[in-house]
There are 2 protein chains.
Amino acid sequence: MSTSLSNAPYHHGNLRHALLDAALLMLQRDGEAGLGLRDLARAVGVSPAAPYRHFDSRAALLEALAVTGFQRFTAAMNAVAASQPPDLLAAMGQAYVRFALDNAALFRLMFSPQLKRDNRPGLRMAADAAFATLRQVSGGDTASGRIAALAAWTKVHGLAVLLLDDQIALQPGEDIEALIGAIIGQQ
Amino acid sequence: MSTSLSNAPYHHGNLRHALLDAALLMLQRDGEAGLGLRDLARAVGVSPAAPYRHFDSRAALLEALAVTGFQRFTAAMNAVAASQPPDLLAAMGQAYVRFALDNAALFRLMFSPQLKRDNRPGLRMAADAAFATLRQVSGGDTASGRIAALAAWTKVHGLAVLLLDDQIALQPGEDIEALIGAIIGQQ
DNA sequence: ACCTGAACACCGTTCAAGT
DNA sequence: ACCTGAACACCGTTCAAGT
């Protein structure tokens, strides 16, 4: 469901949106390295120079994608918290890893070192807002609470990354949701 | 300590080594995206086509770098185990995170999704050998031992990645070794 | 056997010019 | 205000040719 090979005139201010939509598709399909600005322009039916009316550079386009990624992540986490599950920590951990697996290339982009390199404030703010949602589950303001929260975060994030990189092998008949649950539950 | 702007004749079979040495320097300084094959050839004082006598493609060169990365990682982990520290788990965790922080770009390359994409067996083997060193600390062959080992690994790996990405803030006066120790010690 | 020179098909980006 | 066409300075890669 989305703008694709339309040759309609884009003079209505929707080119930016069309570019982001198409870019997200290309990202999911080919990864960050496969997301060329000229390819993107071609896919949207516009000249190679046109995207530069809306994004300063390829990096700026990637940053915009990463920002929407953090926003989706924030929404997903808030939805979990709002549903008041019996075990909030486990539920948010599951959702964290699920998000990473369901949005692999986007998740990787959100943590791309090249993007932080030219650290734009927009990305930082979106990331901070995203991680702030995790604090709903943290163990208060004590020093030991902070360590416990960091330990939980690193475990879940590491699990997401290693699963994404295909470094953790499932046992025969084991399903991934159960594995996630077991590792998160593991004190 | 290394070959640099030498204009000596490379007809002795050492060009491959010189390329890898220079590539590692460029990788550490400019990251993977900044490692251009033409730049590399220039740095070593050779024509743009010369590297192709020793590496099929840029991806193959990156893979060779990643393989040496896994070998260094393996050596570092084995050294820790051989030193028989009182708390093996904590010591290996510290070494794991240290390695990541001290070899940031290399560590990222070792887990680069683009490299796995065209999954060469050499990379997989080097990675498997590297992670096999971690099993020296695992909790046996029981199901719960496996989960405990995976939980420890994901925690340490997540900590490494989040520190690398500058996502974890140190408290004033806090030193990073202590933070690592606290998080790893946290059951 | 190992390297060079020149070429090919691409990039991201810029800039004058069009509407 | 928004987009096109053509150009610039690069890439990775190939291939004939040199020694």
Side-chain angles (χ1 to χ4, degrees), chain A residues 3-24 26-27 29-66 109 112-115 117-118 120, chain B residues 3-24 26-27 29-66 109 112-115 117-118 120:
Chain A
T3 47
S4 38
L5 3 112
S6 95
N7 43 6
Y10 276 114
H11 298 259
H12 307 307
N14 54 342
L15 177 54
R16 185 190 158 91
H17 252 92
L19 286 169
L20 284 174
D21 279 5
L24 192 56
M26 290 181 62
L27 179 70
R29 213 190 36 205
D30 307 316
E32 190 243 275
L35 208 178
L37 228 46
R38 293 182 98 112
D39 278 358
L40 179 60
R42 257 188 295 271
V44 166
V46 93
S47 89
Y52 286 88
R53 289 295 123 193
H54 301 276
F55 300 99
D56 283 347
S57 62
R58 193 184 103 104
L61 186 260
L62 291 178
E63 190 218 347
L65 283 177
L109 187 64
S112 161
Q114 306 159 54
L115 282 192
R117 202 101 143 168
D118 40 30
R120 312 219 184 195
Chain B
T3 48
S4 39
L5 2 111
S6 93
N7 43 8
Y10 276 115
H11 298 258
H12 305 308
N14 54 340
L15 176 55
R16 186 190 158 90
H17 252 94
L19 287 169
L20 284 174
D21 279 6
L24 191 56
M26 290 180 61
L27 179 70
R29 214 188 40 204
D30 307 316
E32 190 242 276
L35 207 178
L37 228 47
R38 293 181 96 112
D39 278 0
L40 179 61
R42 257 188 294 271
V44 167
V46 94
S47 89
Y52 285 88
R53 289 293 123 193
H54 301 277
F55 300 99
D56 282 347
S57 62
R58 192 184 103 104
L61 186 259
L62 291 178
E63 190 219 346
L65 283 177
L109 187 65
S112 163
Q114 307 160 54
L115 282 192
R117 203 100 142 169
D118 38 31
R120 313 219 185 196

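Chain letters run A, B, ... following the sequence lines, proteins first and then strands; every chain starts at 1. All values below were derived from every heavy atom in this structure, side-chain atoms included, with hydrogens, water molecules and symmetry-related copies excluded.
Here the straight-line distance linking atom CZ of A:Phe55 with atom CG of A:Leu20 works out to 4.0 Å at 0.5 Å rounding. The distance from the CG atom of A:Asp21 to the CZ atom of A:Arg16 is 11.5 Å, given to the nearest 0.5 Å.
The separation between A:Arg53 atom CZ and C:dT14 atom P is 11 Å, rounded to whole Å. Distance B:Phe55 CZ to D:dT14 P: 16 Å, rounded to the nearest Å. Between the P atom of D:dG12 and the CG atom of B:Leu35 lies a distance of 9 Å, rounded to the nearest Å. The CG atom of A:Leu62 sits 15 Å away from the C1' atom of C:dT13 (whole-angstrom rounding). Computed from coordinates, the A:Arg58 CZ to D:dC11 C1' distance equals 13 Å when rounded to whole Å. C:dA1 atom P lies 17 Å from atom CG of B:Leu15, rounded to whole Å. Atoms OH (B:Tyr52) and C1' (C:dT4) sit 15 Å apart, rounded to a whole Å.
Checked against D:dT4, D:dT13, C:dT4, the side chain of A:Ala49 finds its nearest nucleotide in D:dT4.
When the side-chain nitrogen and oxygen atoms of B:Arg42 are compared with OP1 and OP2 of D:dC11, one or more of them lie within a distance under 4.0 Å.
In terms of position on DNA chain C, the residue among A:Leu37 and B:Ala50 whose nearest nucleotide sits closer to the 5' end is B:Ala50.
Base pairing of D:dG12 is made with C:dC8, judged by Watson-Crick or G-U wobble geometry with both donor-acceptor distances under 3.5 Å. Of the nucleotides present, D:dT19 is the one that pairs with C:dA1 by Watson-Crick or G-U wobble criteria, both distances under 3.5 Å.
Base contact: A:Arg38 has a heavy atom under 4.0 Å from a base atom.
Ion pairing of B:Glu63 with B:Arg58 is absent here, as no side-chain N (NZ or NE/NH1/NH2) approaches a carboxylate O to less than 4.0 Å.
The minimum heavy-atom distance between B:Leu37 and B:Ser57, with the atom names listed, is CD2-C, 4.5 Å.
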